[in-house]
Amino acid sequence: MSGEAESREASRQRRRRERAAAVERFVGVPLADVVRENALVHLPPAAAARLRVVHPSWASHMSSPLFAVAHAAAPRRVSGVFVPSAGFLPFDGDDDAVPSPSLSFVPASSELVVLSSSRGVACCFSPADDAYAVCNPATASWTAVPSPPWRSWPRPAIVVLFDTSAYNFRGDFTLVCPFESEPGSSGAYCFQVFTSGTGAWWVTDAMSPAEGLVAASGVAAGATAWWRTSIGTAVGYTPVTGRVDLVTCPGDSDQWEIGSAAGMLHCAVIDGGDVVVFRLHEHGIWEVTTRVAVAEILQPSQPPPPARATTSTEIVASQQHDESSAEEEEGSRAVVAAANAPLRLDDGVRLLGFQGAEVEVVVLAGRRLVAFDARTRRRREVAVPDEVDAAWDGAEHAAHINTLALIAPAALAAEPPLAKPPADP
């Protein structure tokens, strides 16, 4: 056998030994340990918390900063939406619930407005106090942050960027807030940045030509903060590199919204009776990822059960119902049918921002909030409660994913650096 053949054979034998050793490591491992090490990190925080009582080793494992970092980095779908007056509306009930939907654990003298969210970390704002905080709604941890030095609208357009790398044991975050270069004009925007490590805002040298930036549209896609504008463009800023991006909406529609999936910017556009989702690639090129009919998105969430044969006993029992019971049953069926009836575009359908590991379109239709997974065709929905103003049209909202992400205490600088808007170009 030649030397080269002997080398290949030795390499194959080494790989076989390595595979055998890997199998031996898992043979005989208790199932509870396998679940603890591989499954808990993929559960929603509320579900994971209920399992802490299974065994002390599970509680210890989930209390580790390593687990929190891995939990924040794991791929997830959107958990719910923050809306005015009602706070957080979860799509999956108790599994996606948070301890306080209104974020009452953050001190404030007025209702908090959630400005943006990324990987379970939310930036909120108290208009009455002009105060800001970054929090994790799932763990009720929070830290105060100073107000940005420049702001030109009642609702700040802050986007929170959260680092999910394996070394972010502090829970460090970055805030990006655009502002008009000339207060009162909307021809160009500058950017100011806050990091939890420095504890201060500073104004960058970057500037982007844009008009009508929509403050509530901000979303984090990877390391870039994005906003859409009222003239069919989207503006992005990356604090790490200082890069500014400006792209055009890929569709010809008045109804469009930006979102994030797998760390990339996406855009949902209503095209006739369909929702078309695009993914942004390098050099500003959009690619169609999915097209789904609005009627499919808004199908009844609980279709009626299939008809079955009725026995003679059931017939006799049903005949014994009095008239009042029959009327109540008929009224109940009418309520359910009205709640599950699909809505059309002319019934007031609006796209909302979205985020997650996969493309999940979020739609407001009447008093229904529907999240539709474009890959699995599965829909989840939650009803908008009565305390939300009937005039709410979805413009003010923040999509959110529940995680166990840590929140770094902001080391506030004693004297923030002087911040002035750059001169006009």
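Given the structure is predicted, the values throughout are model-derived calculations rather than measurements. Residue numbers count from 1 along this sequence.
Of the possible donor and acceptor atoms, one in the side chain of S116 sits under 3.5 Å from a partner among the backbone N and O of I158. Proximity of a side-chain donor or acceptor of D92 to a complementary backbone N or O of D95 within less than 3.5 Å is not detected. Of the possible polar contacts, one joining the T403 side chain to the R119 backbone as a donor-acceptor pair under 3.5 Å is found. A donor-acceptor contact shorter than 3.5 Å links the side chain of N136 to the backbone of A138. No donor-acceptor distance shorter than 3.5 angstrom exists from the side chain of Q192 to the backbone of V176, with no hydrogens or angles considered.
Evaluation of the side-chain contact (heavy atoms from CB on, under 4.5 Å) rule for V69 yields F169 as partners, not counting sequence neighbours. Partners of R14 according to the salt bridge (Lys or Arg N to Asp or Glu O under 4.0 Å) rule, which considers only residues two or more places apart in sequence or in another chain, do not exist here. Under the side-chain contact (heavy atoms from CB on, under 4.5 Å) criterion, T224 pairs with W226, T238, sequence neighbours left out. In terms of the side-chain contact (heavy atoms from CB on, under 4.5 Å) criterion, residue partners of E396 (sequence neighbours excluded) are, by chain and number, P84, R155, A216, W392. Every residue two or more places apart in sequence or in another chain that forms a salt bridge (Lys or Arg N to Asp or Glu O under 4.0 Å) with R377 is listed here: E296. With sequence neighbours excluded, no residue forms a ring-ring contact (aromatic ring centres under 6.0 Å, His included) with H397. Residues satisfying the side-chain contact (heavy atoms from CB on, under 4.5 Å) test with S85, not counting sequence neighbours, are E111.
Taking the side chain as every heavy atom from C-beta outward, F173 and F194 approach each other to under 4.5 Å. At least one side-chain heavy atom of P385 sits less than 4.5 Å from a side-chain heavy atom of L89. Between I407 and V121, the closest side-chain pair of non-hydrogen atoms falls below 4.5 Å. For the pair R380 and V78, the minimum side-chain heavy-atom distance is below 4.5 Å. Side-chain atoms of L103 and C135, non-hydrogen and from C-beta on, do get closer than 4.5 Å to each other. Counting heavy atoms from C-beta outward, D274 and V294 have side chains that stay 4.5 Å or more apart.
The salt bridge (charged side-chain N to carboxylate O under 4.0 Å, His left out) analysis of residues 157-172, with sequence neighbours excluded, yields the pairs R170-D172. For residues 65-85, the pairs satisfying ring pair (Phe, Tyr, Trp, His ring centres under 6.0 Å) are H61-F67, F67-H71, F82-F88, F82-H400, with sequence neighbours left out. Screening residues 189-200 for salt bridge (charged side-chain N to carboxylate O under 4.0 Å, His left out), with sequence neighbours left out, gives no hits. For residues 230-289, every residue pair satisfying the ring pair (Phe, Tyr, Trp, His ring centres under 6.0 Å) rule, not counting sequence neighbours, is listed here: F191-Y237.
Looking at E257 and R228, a side-chain N of the basic residue comes within less than 4.0 Å of a carboxylate O on the acidic one, giving a salt bridge. Ion pairing of R378 with D373 is absent here, as no side-chain N (NZ or NE/NH1/NH2) approaches a carboxylate O to less than 4.0 Å. A salt bridge is absent between E360 and R375: the closest approach of a Lys/Arg side-chain nitrogen to an acidic carboxylate oxygen does not fall below 4.0 angstrom.
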Please evaluate residues D96 and R76 with respect to the criterion salt bridge (Lys or Arg N to Asp or Glu O under 4.0 Å), reporting the C-alpha separation (whole Å), side-chain torsions for both, the decisive distance (0.1 Å), and the verdict. CA-CA 12 Å; D96 278 333; R76 302 185 183 282; over 6 Å; no
Give the C-alpha distance, both sets of side-chain angles, the deciding distance and a yes or no for side-chain contact (heavy atoms from CB on, under 4.5 Å) between L298 and R368. CA-CA 9 Å; L298 299 180; R368 297 172 60 193; 4.3 Å; yes
Might you work through the side-chain contact (heavy atoms from CB on, under 4.5 Å) test for Y189 and F179, ending with a clear yes or no? CA-CA 5 Å; Y189 287 87; F179 64 97; 5.7 Å; no
Result block: side-chain N/O donor-acceptor pairs under 3.5 angstrom for residues 122-132, not counting sequence neighbours:
unit_1: S126; atom_1: OG; unit_2: S110; atom_2: OG; d: 3.0
unit_1: S126; atom_1: OG; unit_2: D129; atom_2: OD2; d: 2.8
unit_1: D129; atom_1: OD1; unit_2: S109; atom_2: OG; d: 2.4
unit_1: D129; atom_1: OD2; unit_2: S109; atom_2: N; d: 2.9
unit_1: D129; atom_1: OD2; unit_2: S109; atom_2: OG; d: 3.1
unit_1: D130; atom_1: OD1; unit_2: R151; atom_2: NH1; d: 3.2
unit_1: D130; atom_1: OD1; unit_2: R151; atom_2: NH2; d: 3.4
unit_1: Y132; atom_1: OH; unit_2: R151; atom_2: NH1; d: 2.6

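A side-chain donor-acceptor contact under 3.5 Å links R52 and S63.
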